[in-house]
There are 2 protein chains.
Amino acid sequence: MPELDVARAVANARADNPRLAAICTPRYDEALREAPRPGPLCGVPYTLKDVWDVEGLPTTRGHAPWAERVPASSGAVHRAFEAAGAVLIGKTNLGDLGITPESQSYVGGVTRNPLDPSRTAGGSSGGAAAAVAAGMSAFDWGSDYGGSIRLPAAWCGLVGLRLSRSTWPSPPEGWLPPLPHIAWLSAMGPITRDLETCRRVLDAVPSLRVAEPPQPRFAGVLVVAPDAFSAGEWPGFAREIRAALDRAGLPSWPAPLPRPAQMDRVFVALIASHAKELLRGRGPRLGPVLSALTIGRLLGDRRMHPQAARVTLELAALRLLRHRDRAGAMRDALSLRARFEALWAAGFVLVSPTSGYPAPPHGRALGLRGMASFAKMGNVSDATALTVPFGHFPGGLPRGLQWLGPPGSERRLIELASRVVRAPVA
Amino acid sequence: MPELDVARAVANARADNPRLAAICTPRYDEALREAPRPGPLCGVPYTLKDVWDVEGLPTTRGHAPWAERVPASSGAVHRAFEAAGAVLIGKTNLGDLGITPESQSYVGGVTRNPLDPSRTAGGSSGGAAAAVAAGMSAFDWGSDYGGSIRLPAAWCGLVGLRLSRSTWPSPPEGWLPPLPHIAWLSAMGPITRDLETCRRVLDAVPSLRVAEPPQPRFAGVLVVAPDAFSAGEWPGFAREIRAALDRAGLPSWPAPLPRPAQMDRVFVALIASHAKELLRGRGPRLGPVLSALTIGRLLGDRRMHPQAARVTLELAALRLLRHRDRAGAMRDALSLRARFEALWAAGFVLVSPTSGYPAPPHGRALGLRGMASFAKMGNVSDATALTVPFGHFPGGLPRGLQWLGPPGSERRLIELASRVVRAPVA
């Protein structure tokens with residue numbers, strides 16, 4: 001683990017956060033004043049995505065109307081890291097309500113990518129990724145509904161891990177009513193600079209893990225090849241990763257799964273057909289949505305950020321016009337999930353790009369076709385889903401390699417990922 | 001079903017059997033004299049591979065020393081077809097002891113391929129395939145330890161089905177002691193001219209089936225691509241079959257399995273390491289083996305055919321020199337079997353060539369590298385394994401397409417195979 005200490009993290013945050021807007025609620029002075037607490041993460045500076053409850057600090061979820069909601073006590077996530085001795089540097093920004101692939105909110109502003117500030121750090125855990133990438137913290141703990149941990153991690157050149165909900169269930173925090181029916185899509189996990197830190201963070205918070213299912217005998221790696229819908233700027237993925245797997249001595253085959261575009265549709269149909277249940281009690285109301293998309297910004301209406309409003313409206317339109325069949329969408333999603341589970345049971349793990357695209361310029365992520373198709377596979381199957389850096393896009397921004405495995409396979413995926421590296425440039 | 005009746009079958013046999021040596025024990029007059037018995041196969045002429053017991057006829061297994069062993073009563077196989085109303089035309093030739101990929105024996109002579117008499121009909125059920133191909137019977141019932149039903153069927157342009165032993169266990173017939181440990185490799189099933197007859201034969205003998213396991217939801221077709229070891233004269237298999245599967249609207253992917261050469265080695269190690277148990281009580285003794293391979297033929301020693309002697313000696317040598325680790329071989333085989341079972345459970349079926357080679361000239365089958373690699377996959381996994389005609393090799397001889405599925409999947413495989421046909425020649 002790189003020896004980032006609290007003093008250095010705070011110094012980095014003070015220097016760069018005004019420009020990057022990674023941290024929305026700082027805790028610099030308190031962090032510097034904290035007496036050391038023993039534990040496996042003693043003195044390790046960390047940040048928390050602003051969806052987890054910390055006593056005395058607001059839990060905003062990036063939603064301006066919730067800017068003053070301060071929980072009476074810390075939730076299980078922060079308590080676990082406190083008990084491990086880690087030191088909280090601040091809470092990190094996310095998109096309004098966490099429903100956008102960028103982190104722009106009226107709470108924390110526009111989070112910029114430390115590798116290229118003209119680009120987004122991604123979302124919804126974009127503040128988390130930017131904070132880790134800029135050395136403001138050694139790790140953050142994100143949540144992931146459709147790539148929210150993995151896309152920002154990949155776009156900032158980091159390691160991101162969505163743990164399977166069936167082994168690491170998200171504690172109910174931030175006043176959110178429990179998600180009906182489709183709760184399994186959402187899970188949590190760390191964003192770190194490297195695999196070793198990722199492993200160390202997991203080992204430090206066993207209280208958050210509820211199960212350690214036995215793993216089937218490893219059978220090999222199945223490669224999800226991009227299709228036209230999802231390839232983005234990485235069309236040669238399959239050939240490249242199979243060469244890297246060969247070099248690592250790992251057997252690999254094309255994954256016997258539907259095309260990414262088809263799996264993406266299954267995810268979208270599930271989300272859209274449950275739009276009503278998903279949004280109810282979670283913030284968006286028609287007035288603020290329409291205002292945000294029209295003259296709200298001019299009038300200083302900060303009830304909803306335009307990006308989140310756009311997603312909300314698209315979801316509502318999809319629900320009304322195309323995805324009314326909730327039972328059918330659920331059946332298709334469970335059937336797709338069963339396909340993954342069958343491959344897990346057979347001992348396979350999967351690899352894919354985390355995204356076919358590098359971090360897009362601010363405001364462009366929502367328009368990228370198939371940008372999150374690979375990430376969604378991990379949600380629909382409630383996989384253990386890891387992204388690790390794997391070379392660079394032509395422009396020099398980092399690419400993420402995604403590993404998917406069954407619930408409880410985080411150690412296996414970390415071990416496999418550490419063996420598979422991109423070939424050195426000839 | 002083509003309307004082959006007993007009179008026509010007997011006429012064909014009388015005309016062509018002297019040249020083809022398909023039937024080793026005829027029953028022409030008795031067949032013509034039989035009074036019709038009602039049943040689903042009423043009046044359908046059939047032949048039986050000479051491993052099944054028929055009251056009053058010898059069960060030789062192609063082994064000359066057993067030429068006079070006549071069972072006191074019929075076994076379950078013949079009884080089932082008798083009860084279904086089918087009429088036995090005769091018993092069909094096989095290689096000595098059924099351990100060779102050609103059907104040459106001192107009991108029935110050299111079985112020739114009706115499509116090209118300069119070539120073998122295959123083995124061990126070569127007489128069965130030749131009889132069906134030449135219109136001497138509507139179906140035969142073979143046994144299959146390493147391709148013994150499927151290779152002859154493919155080489156004679158027929159449909160051949162190895163039923164899984166776990167659903168259609170071979171009744172103990174022909175005085176063979178039960179096979180220790182590796183019994184699951186061996187199973188039985190029909191050879192017919194077409195899929196419809198295959199289905200009809202299965203439906204007529206439910207007494208031979210002991211289980212009908214529920215089938216998982218169909219997930220798609222996994223294509224086993226030939227490697228250099230197994231490709232033979234069909235290197236373009238994968239591309240061709242995937243095009244045919246596409247046309248049939250069936251999703252397909254490369255099969256996530258070890259290379260055919262590697263799977264072949266697992267099978268050979270299993271057989272060789274069990275050579276002692278396999279051969280004990282089954283005929284071969286060192287004296288006859290060595291004699292057959294040296295001056296036995298000159299001296300008129302017919303205790304063992306040279307082809308079977310060669311296989312026996314090779315097996316013994318492999319056992320002594322390479323495959324002494326019986327437990328290791330068993331572990332590898334069970335592990336490979338588990339790989340197949342995992343894919344079955346996930347809802348997949350597999351396709352491969354039945355063999356990369358067309359029917360070889362007499363005496364050449366044993367020398368063909370990887371000739372039975374694909375067939376052996378069906379034995380090591382105790383699959384339901386179907387071969388159907390699928391186009392032709394450059395010289396005009398038929399190619400066989402192999403379908404592999406879980407125990408009890410015969411209906412599914414027949415249905416799938418009937419949908420996938422070779423593209424008409426442009």
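In what follows, chains are A, B, ... by sequence order, proteins preceding strands, each numbered from 1.
By number of non-hydrogen pairs under 4.5 angstrom with chain B, the leading residue of P256(A), A346(A), A345(A) is P256(A). For the options P258(A), P216(A), A342(A), heavy-atom pairs under 4.5 Å to chain B are most numerous at A342(A). Most heavy-atom pairs under 4.5 Å with chain A: of the set P254(B), G347(B), A338(B), this distinction falls to P254(B).
Proximity to chain B is absent for every atom of P251(A), based on heavy atoms less than 4.5 angstrom apart. Contacts between A255(B) and chain A at a heavy-atom distance below 4.5 Å involve the backbone alone (N, CA, C, O).
Across every non-hydrogen atom of L343(A) and F348(B), the tightest pair is CD2-CE1, 4.0 Å.
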